[in-house]
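Counting starts at 1 for both ligands and their atoms, following the listed order.
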Amino acid sequence: MLTVLQDPASATQWCREQRELNKTIGFVPTMGALHEGHLSLVRCAIDENDVTCASIFVNPLQFNEADDYSNYPRAIDLDYRLLDEIGCDMVFGGTNRDMFPEAESIEEVTLLDPGRFATGLEGEFRPGHLEGVCTVVERLFKFTGDCRAYFGLKDYQQTLVVRDLAKNLGYPEIRTCKTVRDEHGLALSSRNALLSKSELALATNISKALYSAKALWDSGCRECDQLRMAMRDNLPVPLQVDYADVRNPVNWQANSPVGTISHAIALIAARVGEVRLIDNLQLDSRL
Ligand code: PAF
């Protein structure tokens with residue numbers, strides 16, 4: 001049976017009690033509006049740990065557009081039901097004040113430096129986003145303490161940032177899980193709920209573009225420009241593309257590499273109408 005806790009202090013206490021019972025804890029941080037992608041993380045956490053908890057908090061610090069924050073889908077009762085059904089043990093949330101008690105308002109919260117993996121891509125196109133992610137995730141890690149924390153690879157750059165954060169904190173162990181896609185290849189995202197039927201169809205071009213770069217890579221191409229071009233060619237005009245890029249995930253160079261690339265992940269961010277989507281695909285199967 002799912003235990004629902006309304007504030008982080010109670011979650012800290014719950015986690016402490018589990019550790020006193022020598023139980024390992026899996027932790028899945030979320031912003032709610034749960035879909036199969038989140039549930040796959042929870043399942044993975046359940047498989048690998050004695051107990052599992054999740055957080056649901058729509059973090060205002062990571063939205064660089066006010067409308068995006070207010071329009072972000074919220075479905076708390078359904079979220080609780082889904083977590084209960086799959087066997088999650090505890091979920092917690094909290095108010096802005098609970099998460100950032102030192103600040104009178106959200107604008108007053110001091111943002112953490114998200115580190116070197118925040119350079120470019122999301123760091124460039126969503127100023128302040130990764131700072132906001134890093135700031136809230138550090139709090140969530142401190143609330144839950146030493147555990148295993150689960151993140152989806154769809155937010156690839158976020159996984160690099162939180163890994164770095166966890167390394168600096170000394171905990172938790174970061175586990176990443178592969179992107180869950182629908183039958184058309186579209187990466188599952190809470191934001192997909194905001195798309196109309198025609199926008200959903202348009203959005204499937206994002207994964208098609210990634211798979212075209214993968215096909216080119218598999219044919220032996222290592223030229224960054226050609227890999228980028230293969231993606232651009234598959235992103236029709238109504239999509240407003242922020243980036244369609246390749247990066248070396250090992251060193252995450254500050255500037256997109258020119259010339260050839262030996263280890264690569266392809267990453268796309270594009271707006272479909274008002275909704276901004278991101279996706280990525282590992283090109284190099286040796287990684
Ligand atoms: O990936 C997300 O849903 C969010 O960025 C996270 C990690 C829960 C922080 O708010």
Side-chain angles (χ1 to χ4, degrees), residues 5 8 11 26-42 44-45 52-65 68-76 78-79 82-83 88 90-96 98-100 106 109 111-115 117-118 121-123 125-144 147-167 169 171-180 187-194 267 269 275-280:
L5 301 175
F27 170 45
V28 184
T30 82
M31 296 204 297
L34 303 181
H35 51 68
E36 197 42 48
H38 297 111
L39 299 182
S40 73
L41 299 179
V42 176
C44 197
T52 293
C53 63
S55 62
I56 298 180
F57 176 64
V58 185
N59 170 30
L61 298 180
Q62 69 188 79
F63 290 84
N64 50 333
E65 290 167 23
D68 192 24
Y69 175 60
S70 51
N71 293 337
Y72 197 81
R74 289 156 170 92
I76 197 78
L78 180 60
D79 290 345
L82 292 170
L83 289 171
C88 183
M90 184 273 273
V91 61
F92 73 97
T95 60
N96 291 346
D98 291 329
M99 297 289 165
F100 312 109
I106 275 307
V109 178
L111 296 176
L112 286 188
D113 177 351
F117 294 106
L121 306 190
E122 292 304 283
F125 285 90
R126 292 188 76 190
H129 166 67
L130 289 167
E131 284 79 355
V133 169
C134 201
T135 305
V136 79
V137 170
E138 195 227 24
R139 308 277 167 122
L140 295 170
F141 285 171
K142 286 186 170 163
F143 295 143
T144 47
C147 62
R148 291 195 186 97
Y150 293 77
F151 292 85
L153 283 168
K154 184 179 79 65
D155 297 297
Y156 188 78
Q157 197 171 2
Q158 169 174 283
T159 66
L160 298 179
V161 168
V162 297
R163 230 180 239 294
D164 207 29
L165 171 70
K167 196 171 140 211
L169 278 176
Y171 66 90
E173 178 185 334
I174 302 295
R175 310 278 292 151
T176 55
C177 302
K178 71 175 202 249
T179 303
V180 180
L188 297 195
S189 161
S190 302
R191 288 193 168 85
N192 293 355
L194 303 172
L267 307 104
V275 182
R276 186 175 183 277
L277 299 175
I278 59 171
D279 195 2
N280 65 77

Aromatic plane relationship, Phe92 with Phe27 - under 30° parallel, 30 to 60° tilted, over 60° perpendicular: parallel
Separation of Ile278 CD1 from Ser189 OG (nearest 0.5 Å): 8.0 Å
Residue that, paired with Asp79, satisfies side-chain contact (heavy atoms from CB on, under 4.5 Å) out of Ile56, Val91, Thr30: Ile56
Gap separating the CG atom of Leu160 from the CG atom of Leu153, nearest 0.5 angstrom: 9.0 Å
Measure and list all N/O to N/O distances between ligand 1 and the protein that fall under 3.5 angstrom.
unit_1, atom_1, unit_2, atom_2, d
ligand 1, 1 (O), Gln158, NE2, 2.8
ligand 1, 5 (O), Gln62, NE2, 2.9
ligand 1, 5 (O), Gln158, OE1, 2.7
ligand 1, 10 (O), Gln62, OE1, 2.6

Flag, side chain of Gln157 to backbone of Glu122, donor-acceptor distance under 3.5 Å: yes
Non-hydrogen side-chain atoms of Thr179 and Tyr156 separated by less than 4.5 Å: no
